[in-house]
Enquirer: 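I have a structure I would like to understand better, so I am pasting it below and will then ask my questions one at a time.
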Amino acid sequence: MRILVVCTGNICRSPFAEQLLRHRFPPLGSQRPLAEFSSAGTHSASGQDMSPEAASRLQALGVPVTPHKARQLTSQLLADTDLVLCMAREHRHWVVEHSPGHLRRAFTLREIATLLEHAPDVALPRDPADRLLRLSALAAAARPAVRMRDPRTYEVADPFGRDDRAFDLMSDEIVPAVDSLVSFLTR
């Protein structure tokens, strides 16, 4: 499964989430990754490195930081993606506008984590790989049944150009959502 993480510039939130997901997702037998992760930005600062502030928060979590170069989100990139995890509603709107086929396969990261908390165990495949393949369908099916709070609560605040507290908040919003996804796959 190919999972794309999307934010605005692809230098703070999406590379942070991408590398955290890659680090925390359980491997499929023989250490083969359960999913392939990448990231892009709707208004990318193409070619720029991940912000040092985002990288330092990954290191503080014990995540080995790998080189990252920002890239622009394109329709072609979306065509090669099974699931899109966005940092804000505006990113999801961009994805669906440029690739209508992703309507039921694009979520904000915090939204999908909330929806999957309400997925009934009865409907879940036992195997994590099968569960991952059904992830977007299960989350989309839960949308009508889950009373969502204010949609802004499902966004990750953009720390770009702000102080350390903004980067701490970014981490504090992304980490539990990633942990929730991992828990869903392994429960």
Side-chain angles (χ1 to χ4, degrees), residues 1-25 32-113 132 135-136 139 151-152 154-178 181-182:
M1 167 161 285
R2 292 172 311 266
I3 299 174
L4 178 67
V5 186
V6 175
C7 72
T8 305
N10 192 219
I11 57 174
C12 300
R13 295 173 289 177
S14 58
F16 177 93
E18 171 196 356
Q19 293 197 24
L20 183 65
L21 283 160
R22 187 178 297 118
H23 180 73
R24 294 212 174 152
F25 251 55
R32 197 176 97 230
L34 187 58
E36 296 172 25
F37 297 97
S38 62
S39 62
T42 57
H43 295 86
S44 174
S46 293
Q48 288 190 11
D49 295 333
M50 181 188 326
S51 75
E53 298 88 353
S56 71
R57 270 123 190 112
L58 283 171
Q59 290 169 331
L61 293 167
V63 177
V65 178
T66 58
H68 169 82
K69 294 291 183 194
R71 65 182 176 161
Q72 177 65 38
L73 182 58
T74 64
S75 297
Q76 180 56 47
L77 190 54
L78 287 169
D80 297 330
T81 300
D82 301 304
L83 175 65
V84 184
L85 300 176
C86 303
M87 296 296 112
R89 292 172 299 158
E90 68 188 82
H91 307 128
R92 183 177 184 277
H93 291 286
W94 193 104
V95 167
V96 173
E97 182 179 310
H98 289 82
S99 180
H102 279 85
L103 177 66
R104 295 175 56 85
R105 295 183 289 141
F107 303 85
T108 70
L109 175 64
R110 295 177 73 198
E111 172 196 23
I112 198 169
L132 180 61
L135 190 78
S136 58
R152 290 173 295 192
Y154 299 106
E155 297 187 354
V156 175
D158 189 355
F160 181 74
R162 299 183 60 212
D163 63 14
D164 279 342
R165 288 177 296 173
F167 282 89
D168 291 340
L169 176 61
M170 174 201 72
S171 179
D172 291 346
E173 291 176 339
I174 292 174
V175 170
V178 168
L181 284 176
V182 171

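Everything numeric in this text was worked out from a predicted model, so none of it was measured. In what follows, every heavy atom counts, from backbone to side chain, and hydrogens, waters and symmetry copies are set aside.
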Enquirer: Quick one about S44 and Q72 (side-chain donor to acceptor, distance below 3.5 Å, no hydrogens or angles considered), yes or no?
Expert: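 Distance-only check fails for Q72 and S44.
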Enquirer: Among side-chain atoms of R71 and S38, is any donor-acceptor pair under 3.5 angstrom?
Expert: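 R71 vs S38: donor-acceptor pair found between side chains.
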Enquirer: Should the pair R110-E155 be classified as a salt bridge under the 4.0 Å nitrogen-to-oxygen rule?
Expert: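 Salt bridge between R110 and E155, a charged N being under 4.0 Å from a carboxylate O: no.
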Enquirer: How far does CG of D158 sit from SG of C7, to the nearest 0.5 angstrom?
Expert: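 One finds 7.0 Å between CG of D158 and SG of C7.
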Enquirer: Which atoms form the tightest heavy-atom contact between E173 and A157, and what is the distance?
Expert: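 So the two residues come closest at OE1-N, 2.7 Å.
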Enquirer: Supply the atom-to-atom distance C12 SG to M50 CE, rounded to the nearest 0.5 angstrom.
Expert: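 The SG atom of C12 sits 9.5 Å away from the CE atom of M50.
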Enquirer: Would you compute the distance between atom CG of L181 and atom CG of L85 and round it to the nearest 0.5 angstrom?
Expert: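 Result: 6.5 Å between the selected atoms.
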Enquirer: For G41 and N10, work out which heavy atoms get closest and say how close.
Expert: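 In terms of heavy atoms, the two residues are closest at N-CB, 3.5 Å.
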Enquirer: Is there a donor-acceptor pair under 3.5 Å between the side chain of E18 and the backbone N or O of L4?
Expert: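 Absent.
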Enquirer: Is there a side-chain contact (heavy atoms from CB on, under 4.5 Å) between V175 and L20? Walk through the geometry before answering.
Expert: CA-CA 8 Å; V175 170; L20 183 65; 3.8 Å; yes
Enquirer: So, do L78 and L73 sit near enough that their side-chain heavy atoms are less than 4.5 Å apart?
Expert: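 Yes. Closest side-chain heavy atoms under 4.5 Å.
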Enquirer: Does any non-hydrogen side-chain atom of V182 lie less than 4.5 Å from one of L21?
Expert: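 No - every pair of side-chain heavy atoms lies 4.5 Å or more apart.
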Enquirer: Can you name the side-chain hydrogen bond (donor to acceptor under 3.5 Å, both in side chains) partners of S99, sequence neighbours left out?
Expert: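 For S99 the side-chain hydrogen bond (donor to acceptor under 3.5 Å, both in side chains) partners, ignoring immediate neighbours, are H102.
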Enquirer: How long is the straight-line distance from OG of S136 back to CG of D82, given to the nearest 0.5 Å?
Expert: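 Spacing of CG (D82) from OG (S136) equals 8.0 Å.
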Enquirer: Please step through side-chain contact (heavy atoms from CB on, under 4.5 Å) for the pair V95 and C86, ending with a clear verdict.
Expert: CA-CA 9 Å; V95 167; C86 303; 4.2 Å; yes
Enquirer: Does the gap between the ring centers of F167 and F16 come in under 6.0 Å?
Expert: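 No, the ring of F167 stays outside the 6.0 Å limit from the ring of F16, centre to centre.
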Enquirer: Which residues satisfy the ring pair (Phe, Tyr, Trp, His ring centres under 6.0 Å) test with H43, sequence neighbours excluded?
Expert: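 Result, ring pair (Phe, Tyr, Trp, His ring centres under 6.0 Å) vs H43: none returned.
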Enquirer: Examine distances only and state if a side-chain atom of R92 and a backbone atom of A88 form a donor-acceptor pair shorter than 3.5 Å.
Expert: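 Looks like no, no N/O pair under 3.5 Å.
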Enquirer: Can you name the closest pair of heavy atoms from M1 and L132 and give their distance?
Expert: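 Heavy-atom minimum between the residues: CE-O, 3.4 Å.
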Enquirer: Ignoring hydrogens, what is the shortest heavy-atom contact between H68 and S39? Give both atom names and the distance.
Expert: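 What the structure gives for the nearest pair is CE1-OG, 3.4 Å.
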Enquirer: Ignoring hydrogens and geometry beyond distance, is a side-chain donor-acceptor pair present between T81 and R105 at under 3.5 Å?
Expert: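 Judged by distance alone, the side chains do not pair up.
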Enquirer: Determine, step by step, whether M170 and I174 satisfy the side-chain contact (heavy atoms from CB on, under 4.5 Å) criterion, reporting the C-alpha distance in whole Å, the side-chain angles of both residues, the deciding distance to 0.1 Å, and the verdict.
Expert: CA-CA 6 Å; M170 174 201 72; I174 292 174; 3.7 Å; yes
Enquirer: For the residue pair F107 and V84, establish whether any side-chain heavy-atom pair is separated by less than 4.5 Å.
Expert: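 A side-chain contact is absent here, since even the closest heavy-atom pair is not under 4.5 Å.
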Enquirer: Is a side-chain N or O of E36 found less than 3.5 angstrom from the main chain of I3, in a donor-acceptor match?
Expert: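 No.
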Enquirer: Would you mind reporting whether L77 and T74 have side-chain heavy atoms less than 4.5 Å apart?
Expert: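 Yes. Closest side-chain heavy atoms under 4.5 Å.
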Enquirer: Regarding R2 and D80, does a basic nitrogen lie under 4.0 Å from an acidic carboxylate oxygen?
Expert: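 A salt bridge is absent here (no side-chain N lies under 4.0 Å from a carboxylate O).
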Enquirer: So do L58 and H23 actually touch side chain to side chain, heavy atoms under 4.5 Å?
Expert: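 They are not in contact (no side-chain heavy atoms under 4.5 Å apart), so the answer is no.
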Enquirer: Looking only at non-hydrogen atoms, find the nearest pair between V65 and A55 and report the distance.
Expert: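 Answer, listing the atom of V65 first, then A55: CG2-O, 3.6 Å.
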Enquirer: Minimum heavy-atom separation for S14 to A40, with atom names?
Expert: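 Taking S14 first and A40 second, the nearest heavy atoms are OG-O, 3.7 Å.
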Enquirer: Are any of the side-chain nitrogens in R57 or D164 under 4.0 Å away from the carboxylate oxygens of its partner?
Expert: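 Judged by the 4.0 Å cut-off on N to carboxylate O distance, R57 and D164 do form a salt bridge.
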Enquirer: Where do R13 and T8 land on the side-chain hydrogen bond (donor to acceptor under 3.5 Å, both in side chains) test, with the steps shown first?
Expert: CA-CA 8 Å; R13 295 173 289 177; T8 305; 3.3 Å; yes
Enquirer: Using distance alone, with no hydrogens and no angle criterion, decide if E90 and T42 have a side-chain donor and acceptor under 3.5 Å apart.
Expert: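 Absent: no donor and acceptor within the cut-off.
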